[in-house]
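Since this is a predicted model, take the numbers as computed values, not measurements. Remember, it's 1-based here, ligands and their atoms both numbered in the order they're listed.
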Amino acid sequence: MVLQGKTALVTGGSSGIGLAAARMLRDNGARVAITGRSGEKLAHAVAELGGDVLAIEADVSSLEELRLANGKIRETFGSLDILFANAGVALGTPLATTDEATYHRIMDVNVKGVFFTVQAMLPLMREAGSIVLNTSWLNQVGTPGRAILSASKAAVRSFARTMSAELLDRKIRVNAVSPGSIETPIHRGSNQSEEEFRSYADRVGTQVPLGRMGRPEEIAAAVLFLASDASSYMLGAEIVVDGGRSEL
Ligand SMILES: NC(=O)c1ccc[n+]([C@@H]2O[C@H](COP(=O)([O-])OP(=O)(O)OC[C@H]3O[C@@H](n4cnc5c(N)ncnc54)[C@H](OP(=O)(O)O)[C@@H]3O)[C@@H](O)[C@H]2O)c1
């Protein structure tokens with residue numbers, strides 16, 4: 001229970017990595033709030049987590065909704081010790097065919113959303129708090145058809161450094177976690193059967209030195225470490241959890 005007495009916000013906590021992180025932070029003693037756009041997904045997540053979380057409908061690309069989320073957290077928790085800025089989208093963006101709307105959709109959530117999430121929650125953050133940003137192994141690797149997604153995640157990687165430098169006086173540490181290919185709904189097509197997804201996951205697994213996609217809990221474990229005092233000497237840094245894909 002390394003987070004006993006602490007409070008945490010996980011954006012995009014209704015699914016995938018965010019949901020696994022919310023569970024792990026909660027199971028380690030933190031009071032946890034989660035956000036997402038869909039009320040239905042949030043309700044499912046709350047049920048899965050056993051009801052013991054504060055669920056807030058809020059789109060990270062809307063400054064007004066972030067302001068309202070701040071109000072709800074202030075009302076319920078009073079302050080925050082931990083922020084996991086996790087909400088994000090992943091869309092292919094081939095150079096030849098990507099339109100402007102897709103560019104804005106990715107940048108609005110992945111870059112603007114992270115920047116203004118931190119800005120909106122900072123007044124609630126206690127001294128010596130921990131902010132964890134979710135980037136991606138793609139922030140340092142060139143893969144075709146992913147220029148905008150990869151650039152958005154490189155911007156988030158950079159935020160961990162600049163925000164840490166800016167928040168030194170408040171002793172708030174900002175670090176990043178970089179997942180590889182993790183089995184979450186972000187990889188699922190809307191009409192994809194379980195069998196089709198398994199065959200996709202197996203194909204991706206062959207590109208990973210460990211031979212499989214990762215599990216959301218394997219990212220949540222890194223988030224727990226960065227959120228806790230166990231990582232007290234880390235700031236502006238990145239933990240890559242990608243089965244060796246970007247290193248071997
Ligand atoms: N899975 C991977 O392989 C992988 C690899 C590298 C990085 N990541 C990063 O990990 C993060 C989580 O992804 P995931 O794989 O866990 O995907 P996921 O299962 O699709 O979860 C995404 C979460 O973000 C929320 N969300 C999306 N857009 C939002 C917005 N505008 N405002 C607020 N919440 C929003 C979603 O809820 P609503 O749809 O209801 O809003 C959902 O809770 C993302 O930043 C992603 O880029 C994932």
Under 3.5 Å between any N/O of [X] and any N/O of ligand 1: does that happen in this structure?
X	answer
Val109	no
Ser136	no
Ser38	yes
Ile17	yes
Gly12	yes
Lys153	yes
Asn110	no
Val60	yes
Gly180	yes

Look at ligand 1 and say whether Gly113 reaches it with a heavy atom at a distance under 4.0 Å.
no
Shortest protein contact, atom 27 (C) of ligand 1 (heavy atom only)
Arg37 NH2, 3.6 Å
In terms of its nearest heavy atom to atom 18 (P) of ligand 1, the top option of Gly13, Ser15, Ala20 is Ser15
Given Asn134, Asp59, Thr135, Thr35, which one has a non-hydrogen atom that is nearest to atom 7 (C) of ligand 1?
Thr135
For ligand 1, does Ala90 get within less than 4.0 Å through its side chain, its backbone, both, or neither, judged by non-hydrogen atoms?
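It is neither part, as no heavy atom is under 4.0 Å.
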Side chain Arg74, main chain Leu124, donor-acceptor under 3.5 Å:
no
